[in-house]
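The structure presented is a predicted model; accordingly, all values stated were derived computationally and were not measured.
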Amino acid sequence: MSISPGESVPDFTATATGDTTVTLSELKGKQVVVYFYPKASTPGCTTEGGDFRDRKEAFDAANTIILGVSRDGIRAQENFKAKQGFNFALISDKDETLCHLFDVIKLKKLYGKEHLGIERSTFLIDTDGKLAREWRGVKVKGHAQEVLEAAQALNAG
C-alpha cells in the first residue's frame, strides 16, 4: 500500500517513547512530520535525528509535530532518544505496520548482500490528516531544513 500526496493518511496508533502511544487522528489540527530511519544509534540516523532536534522550536512555531520511526524495539528507541537528547517522540515499529502503510520497506544492498530494510523517507501530513509532501531515498545533509521549510510554507498557506 502506498499513500499519494493529497490522499488521507489512514489512522494509526503506535507505541512511542516515554511510555506513550501516538494516534494520528488525535493530532488533527497539527501538521505531522513522520520520518523513517533504518536503525537507531547509527551515524546517519543520529545526524538526521539531531538535525530535526535542533529545529524543533521552528517546527513548533509552524504547528508541526515530529515523529521518528524505525523497526527498533522501544528500549533501543528510548536509549537513542535519551543519549541524543531528542525532544520529540520515537516510534517503535517492530511489526512494520507503519513501514508498510507508508511503503518504506525496500530491497537494499549492504556489503554485496541484499536485505529488506527501511528506505530513509519523510512524510509531511497536513492539519486535516492528508499527505502534503513526501521525500523518499533521503540524503541526510540539509534534509531536516528542507522539511522545515515545507512545513512552514504549508502552515502559512
Side-chain angles (χ1 to χ4, degrees), residues 1-3 9-27 30-111 113-125 129 131-152:
M1 178 182 188
S2 188
I3 308 158
V9 176
D11 196 20
F12 62 80
T13 298
T15 302
T17 49
D19 198 26
T20 62
T21 55
V22 172
T23 301
L24 182 61
S25 59
E26 292 176 0
L27 302 176
K30 297 264 188 199
Q31 295 178 161
V32 181
V33 167
V34 182
Y35 82 93
F36 289 85
Y37 57 94
K39 188 153 182 56
S41 301
T42 56
C45 299
T46 299
T47 299
E48 183 178 29
D51 288 348
F52 278 107
R53 174 198 61 217
D54 296 346
R55 289 164 177 77
K56 182 167 184 305
E57 201 170 291
F59 276 103
D60 289 346
N63 191 37
T64 305
I65 293 169
I66 304 165
L67 300 172
V69 183
S70 78
R71 299 183 300 180
D72 294 292
I74 196 65
R75 186 172 168 156
Q77 297 288 50
E78 291 284 7
N79 291 341
F80 187 38
K81 180 179 176 177
K83 185 173 182 183
Q84 301 305 324
F86 293 156
N87 45 11
F88 52 87
L90 298 180
I91 291 174
S92 171
D93 192 34
K94 279 182 84 88
D95 65 4
E96 300 180 354
T97 301
L98 292 182
C99 290
H100 289 297
L101 177 66
F102 287 92
D103 192 28
V104 297
I105 300 290
K106 303 293 179 192
L107 192 60
K108 299 170 86 176
K109 268 192 172 166
L110 184 64
Y111 305 119
K113 291 186 177 180
E114 290 185 334
H115 69 284
L116 288 174
I118 291 179
E119 175 185 51
R120 194 179 303 278
S121 305
T122 302
F123 302 87
L124 176 60
I125 302 167
L131 183 61
R133 289 274 312 267
E134 66 179 5
W135 294 262
R136 294 183 178 273
V138 166
K139 301 291 181 242
V140 172
K141 187 170 174 58
H143 177 64
Q145 182 62 36
E146 185 181 342
V147 175
L148 173 60
E149 289 167 9
Q152 290 168 329

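Between Y35 and I66 there is a side-chain heavy-atom pair separated by less than 4.5 Å. Using a 4.5 Å heavy-atom cutoff, the side chains of F59 and V147 are in contact. Side-chain atoms of F36 and V138, non-hydrogen and from C-beta on, never get closer than 4.5 Å to each other. Contact check for L116 versus L107: side-chain heavy atoms found under the 4.5 Å cut-off. Between I118 and V69, every side-chain heavy-atom pair lies at or beyond the 4.5 Å cut-off.
Take K106 and apply the side-chain hydrogen bond (donor to acceptor under 3.5 Å, both in side chains) test, not counting sequence neighbours, and it matches D103.
R53 places a side-chain N or O within 3.5 Å of a backbone atom of Q84 that can act as its donor or acceptor partner. Panel note: side chain Q31, backbone A62; a donor-acceptor pair is recorded below 3.5 Å. Checked by atom type and distance alone, the side chain of E78 pairs as donor or acceptor with a backbone atom of G18 at under 3.5 Å.
No hydrogens or angles considered: a donor-acceptor pair under 3.5 Å links the side chains of S70 and Q77.
Separation of the Y37 and F52 ring centroids does not fall under the 6.0 Å cut-off.
Heavy atoms from other residues, nucleotides or ligands lying under 6.0 Å from NZ of K108 number more than 12.
Each salt bridge (charged side-chain N to carboxylate O under 4.0 Å, His left out) pair with one or both residues in residues 56-75, not counting sequence neighbours, appears once here: K39-D72, K56-D60, R71-E96.
Looking at V104, I3, V9 one by one, the single match for side-chain contact (heavy atoms from CB on, under 4.5 Å) with F123 turns out to be V104.
How far CG of D51 is from CG of L148: 11.0 Å, rounded to the nearest 0.5 Å.
Taking the six-membered ring for Trp and thresholds of 30 and 60 degrees, F102 and F12 have ring planes more than 60 degrees apart, a perpendicular arrangement.
Across A150 and R133, no two heavy atoms sit closer than the pair CB-NH1, 3.5 Å. Taking each heavy atom of A89 and T17 in turn, the nearest pair found is CA-OG1, 3.6 Å.
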